[in-house]
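Have a look at the structure below before the remarks.
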Amino acid sequence: MYILLAILIIIAVPLIMASFLQSEYFIERSIVINKPAPEVFNYIKYLKNSVYYNKWVMLDPDLKKDYKGTDGTAGFIYYWDSNNKQVGKGEQEITAINEGNRVDYEIRFKKPFEGSSTACITTKQRTGNETEVSWVFKGNRTYGMKVMHFLLNIKKVLGNDLSISLHNLKTVLEKQ
């Protein structure tokens, strides 16, 4: 009897806690890169460069990639497909570019789950040759996604992944 009650509590707690999470999520991480903002922006606006710094792209050396359109312009789409469940299958589209300042994306996930989110990367000139780069992910989540986000602590996991990717970007750009 106590075992059954404990199992019910273990199941009920995440289901109840998830109902209190907001429908919209927002994750942002930033880093300062010792390069001028135009140089940093001209690198990040090309999605094909993400193979050198994006943690998710770098997880699978056998990642299948395809592209449609002109990289570095609105409408360019990068398709990926992987057997690695952390990478999955989906597409990322550049939806807008504010030249020198911001690149907006829509990310559409196909596997291991269906969903979409928006993201943007911004650059801001600081003193001297320092550039602050910020990467933002946001989106809406269904109740099922709320449960998954609660159980997996997605905000922390995605935040760490963004930080790793930004550190990779800093390393790549500062070696040039």
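Both backbone and side-chain heavy atoms feed into the values below; hydrogens, waters and symmetry mates do not.
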To the nearest 0.5 angstrom, please state how far the [atom1] atom of [X] sits from the [atom2] atom of [Y].
X	Y	atom1	atom2	result
Ile27	Leu158	CD1	CG	4.5 Å
Leu169	Tyr53	CG	OH	6.0 Å
Lys110	Ser116	NZ	OG	9.0 Å
Lys138	Ser117	NZ	OG	10.5 Å

- Message: Quick one, Glu91 with Ile107, criterion side chain to side chain contact (heavy atoms under 4.5 Å, CB included). Give me CA distance, side-chain angles, the key distance, then yes/no.
- Response: CA-CA 6 Å; Glu91 58 191 46; Ile107 305 166; over 6 Å; no
Going only through I, L, V, M, F, W and Y residues with side-chain contacts under 4.5 Å, is there a path from [X] to [Y]?
X	Y	answer
Phe109	Trp56	yes
Ile164	Tyr52	no
Leu47	Met58	no
Ile121	Ile97	yes

- Message: Quick one: does any side-chain atom of Trp80 pair with a main-chain N or O of Val87 as donor and acceptor, under 3.5 Å?
- Response: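 Side chain of Trp80 to backbone of Val87, a donor-acceptor pair under 3.5 Å: yes, one is there.
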- Message: Using a 3.5 Å distance criterion without hydrogens, assess whether the side chain of Lys170 forms a donor-acceptor pair with backbone atoms of Val32.
- Response: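 A pair under 3.5 Å: yes.
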Is there a side-chain contact between [X] and [Y] (heavy atoms, below 4.5 Å)?
X	Y	answer
Leu63	Asp81	no
Ile77	Gln92	no
Ile94	Thr73	no
Val51	Lys65	yes

- Sequence neighbours left out, what passes side-chain contact (heavy atoms from CB on, under 4.5 Å) with Asp104? Give chain and number order.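 Result, side-chain contact (heavy atoms from CB on, under 4.5 Å) vs Asp104: Thr95, Ala96, Arg102, Cys120.
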- Task: Using the six-membered ring wherever Trp is involved, compare the ring planes of Tyr78 and Tyr67 and label them parallel, tilted or perpendicular (cut-offs 30° and 60°).
- Result: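 Ring orientation of Tyr78 relative to Tyr67: parallel.
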- May I ask you to decide whether Lys48 forms a salt bridge with Asp71, counting only side-chain N to carboxylate O separations under 4.0 Å?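 Looking at Asp71 together with Lys48, the answer is no, because their closest N to O distance does not fall below 4.0 Å.
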- Decide, yes or no, whether a salt bridge links Glu93 with Lys68 under the criterion of side-chain N to carboxylate O below 4.0 Å.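 Looking at Lys68 together with Glu93, the answer is no, because their closest N to O distance does not fall below 4.0 Å.
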Listed pairs under 3.5 Å, donor-acceptor, residues 38-46 side chains, sequence neighbours left out:
{"residue": "Asn42", "atom": "ND2", "partner": "Pro38", "partner atom": "O", "Å": "3.1"}
{"residue": "Lys45", "atom": "NZ", "partner": "Glu99", "partner atom": "OE2", "Å": "3.1"}

- Out of Lys156, Gln86, Lys55, which residue meets the side-chain hydrogen bond (donor to acceptor under 3.5 Å, both in side chains) rule with Asp161?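 Among Lys156, Gln86, Lys55, the one meeting side-chain hydrogen bond (donor to acceptor under 3.5 Å, both in side chains) with Asp161 is Lys55.
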Please set out all donor-acceptor pairs under 3.5 angstrom arising from side-chain atoms of residues 129-137, sequence neighbours excluded.
{"residue": "Thr131", "atom": "OG1", "partner": "Lys35", "partner atom": "O", "Å": "2.5"}
{"residue": "Thr131", "atom": "OG1", "partner": "Ala37", "partner atom": "N", "Å": "2.8"}
{"residue": "Ser134", "atom": "OG", "partner": "Ser30", "partner atom": "OG", "Å": "2.6"}

- Task: Check the surroundings of atom CG in Asn83: do more than 12 heavy atoms from other residues, nucleotides or ligands lie under 6.0 Å from it?
- Result: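 Counting other residues, nucleotides and ligands, CG of Asn83 stays at 12 neighbours or fewer.
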